[in-house]
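Everything quoted here is computed from the prediction, not taken from an experiment.
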Amino acid sequence: MDPLAELDARVTRCAACPRLVAWREEVGRVKRAAYQDWTYWARPVPGFGPPDASLLVIGLAPAAHGGNRTGRMFTGDRSGDVLYAALHELGLASSPLAVSLDDGLTLRGVRVTSPVHCAPPENKPTPEERDTCRPWLVRELELLAPRLRAAVVLGAFGWQAALPAFAEAGWRVPRPRPRFAHGARVTLERGTPAADGSGPVTLYGCFHVSQRNTFTGRLTPEMLRDVLREAAGEACLPPYAPPDSPPPAPG
């Protein structure tokens with residue numbers, strides 16, 4: 001089995017945080033009225049995307065009736081609608097919609113993950129739960145390291161969780177630690193020369209694609225696309241051109 005696929009399988013069996021286990025399973029039993037005909041995933045949700053991704057998108061945690069229902073990051077909720085629409089517009093996702101595990105969605109050069117893999121009550125993991133889940137993100141970063149060149153971190157929680165994970169995975173984090181802000185950019189160098197060819201990673205801060213941010217206009221689709229576009233360029237993901245698009249004008 002591919003090492004990243006093996007890691008994803010191990011993630012789905014984790015039961016390290018009793019509060020999160022109880023909550024995700026309760027949500028799966030009670031369900032939301034609109035999803036009574038669904039069999040909820042109700043397990044930890046692994047990352048999603050190809051093993052050779054050069055761009056990583058790091059969120060917060062699965063939504064109770066989104067990823068906890070569907071079994072895939074940012075799938076089946078309003079936040080995912082915004083994120084995948086932006087990725088699709090940039091040619092990094094095969095569809096603007098993420099509905100279920102079997103909807104055929106694929107990503108190009110991008111992987112989506114989170115520092116906490118279980119849906120937390122009120123979307124608020126505790127610091128202890130964040131730290132307990134960190135080894136999964138560290139290992140994911142280690143496996144992605146040979147190709148990874150950029151990461152978009154959604155929200156202050158993700159930023160605070162990502163920096164120590166990158167440090168444990170072998171990158172140097174400046175001191176004092178860079179503060180989160182929308183549009184923040186910081187390049188992390190490797191601590192020692194790596195035989196696997198891994199190099200610096202540039203982190204980009206972006207407001208989270210939560211309904212609170214997108215409904216109030218704190219984060220607009222244009223703002224999100226701008227950050228993703230810059231990060232994709234850093235990750236050497238060329239702009240996507242549909243097969244039937246006209247060739248670029250000469251000169």
Side-chain angles (χ1 to χ4, degrees), residues 4 6-30 40-48 56-75 77 79-80 83 111-145 151-181 184 186 188 191 201 203 205-213:
L4 194 56
E6 182 179 0
L7 175 69
D8 290 343
R10 290 172 55 208
V11 165
T12 66
R13 298 192 293 269
C14 183
C17 300
R19 187 182 79 115
L20 298 187
V21 172
W23 173 251
R24 76 188 191 215
E25 292 180 354
E26 179 185 351
V27 170
R29 287 191 301 270
V30 177
Y40 274 53
W41 175 262
R43 288 181 278 159
V45 180
F48 168 54
L56 186 64
V57 176
I58 302 174
L60 190 161
H65 302 281
N68 188 58
R69 171 173 60 91
T70 64
R72 192 171 67 196
M73 288 288 176
F74 285 103
T75 298
D77 59 37
S79 296
L83 176 62
R111 184 170 169 87
V112 180
T113 193
S114 64
V116 175
H117 288 276
C118 291
E122 300 181 348
N123 291 322
K124 294 179 180 179
T126 66
E128 292 77 17
E129 289 161 349
R130 174 200 63 199
D131 294 346
T132 298
C133 211
R134 183 182 300 148
W136 297 122
L137 180 56
V138 172
R139 183 56 181 154
E140 191 171 12
L141 292 171
E142 291 172 343
L143 293 173
L144 293 172
V152 173
V153 186
L154 302 174
F157 182 96
W159 185 268
Q160 293 163 2
L163 289 175
F166 274 97
E168 288 187 33
W171 283 274
R172 290 198 301 268
V173 175
R175 291 189 177 277
R177 286 183 179 175
R179 297 183 64 180
F180 172 78
V186 58
L188 309 181
V201 169
L203 271 58
C206 180
F207 290 141
H208 196 279
V209 289
S210 66
Q211 290 188 55
R212 177 182 301 175
N213 287 339

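In this structure, the side chains of Cys14 and Trp136 come closer than 4.5 Å at one or more pairs of heavy atoms. Between Leu154 and Phe207, the closest side-chain pair of non-hydrogen atoms is not below 4.5 Å.
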Worksheet item: Checking side-chain contact (heavy atoms from CB on, under 4.5 Å) for the pair Leu144/Leu56: CA distance, chi angles, key distance, verdict?
Response: CA-CA 9 Å; Leu144 293 172; Leu56 186 64; 3.9 Å; yes
Worksheet entry | side-chain contact (heavy atoms from CB on, under 4.5 Å) evaluation trace for Tyr40 with His65 | CA-CA 8 Å; Tyr40 274 53; His65 302 281; 2.8 Å; yes
Item to complete: Step by step, work out the side-chain contact (heavy atoms from CB on, under 4.5 Å) result for Phe166 and Val138.
Response: CA-CA 7 Å; Phe166 274 97; Val138 172; over 6 Å; no
Worksheet item: Do Asp8 and Phe48 pass the side-chain contact (heavy atoms from CB on, under 4.5 Å) test, and can you show the C-alpha distance, the side-chain angles, and the key distance before you say yes or no?
Response: CA-CA 9 Å; Asp8 290 343; Phe48 168 54; over 6 Å; no
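A distance of 6.0 Å or more separates the ring centres of His208 and Phe157.
Put simply, the side chain of Ser79 gets close to the backbone of Val209: a donor and an acceptor are under 3.5 Å apart. Remark: side-chain polar atoms of Thr70 are paired, donor with acceptor, to backbone N or O of Thr75 under 3.5 angstrom. Under the 3.5 Å distance criterion, the side-chain polar atoms of Arg24 are left unmatched by any main-chain donor or acceptor of Cys118.
The minimum heavy-atom distance linking Val186 with Pro178 is given by the pair CG2-CG, 3.8 Å. Across all their heavy atoms, Val153 and Gly158 have their closest contact at CG1-C, 3.3 Å. The two atoms that bring Pro46 and Val11 nearest to each other are CA-CG1, 4.1 Å, heavy atoms only. The minimum heavy-atom distance between Val27 and Ala64, with the atom names listed, is CG1-O, 3.5 Å. A pairwise comparison of heavy atoms in Trp159 and Arg179 identifies NE1-C, 3.5 Å as the closest pair. Between Leu188 and Pro174, the shortest heavy-atom contact is CD2-CD, 3.8 Å.
For Arg29, the side-chain contact (heavy atoms from CB on, under 4.5 Å) test picks out Glu25, Glu26, with sequence neighbours left out. The side-chain hydrogen bond (donor to acceptor under 3.5 Å, both in side chains) search around Arg19 returns Glu129, not counting sequence neighbours. Scored by the salt bridge (charged side-chain N to carboxylate O under 4.0 Å, His left out) test, Arg134 finds Asp131, Glu168 as partners (sequence neighbours excluded).
Between the CD1 atom of Ile58 and the CD atom of Glu140 there is a distance of 8.0 Å, given to the nearest 0.5 Å.
With Leu20 as the partner, the side chain to side chain contact (heavy atoms under 4.5 Å, CB included) test is satisfied by one option alone out of Pro44, Cys133, Pro121: Pro121.
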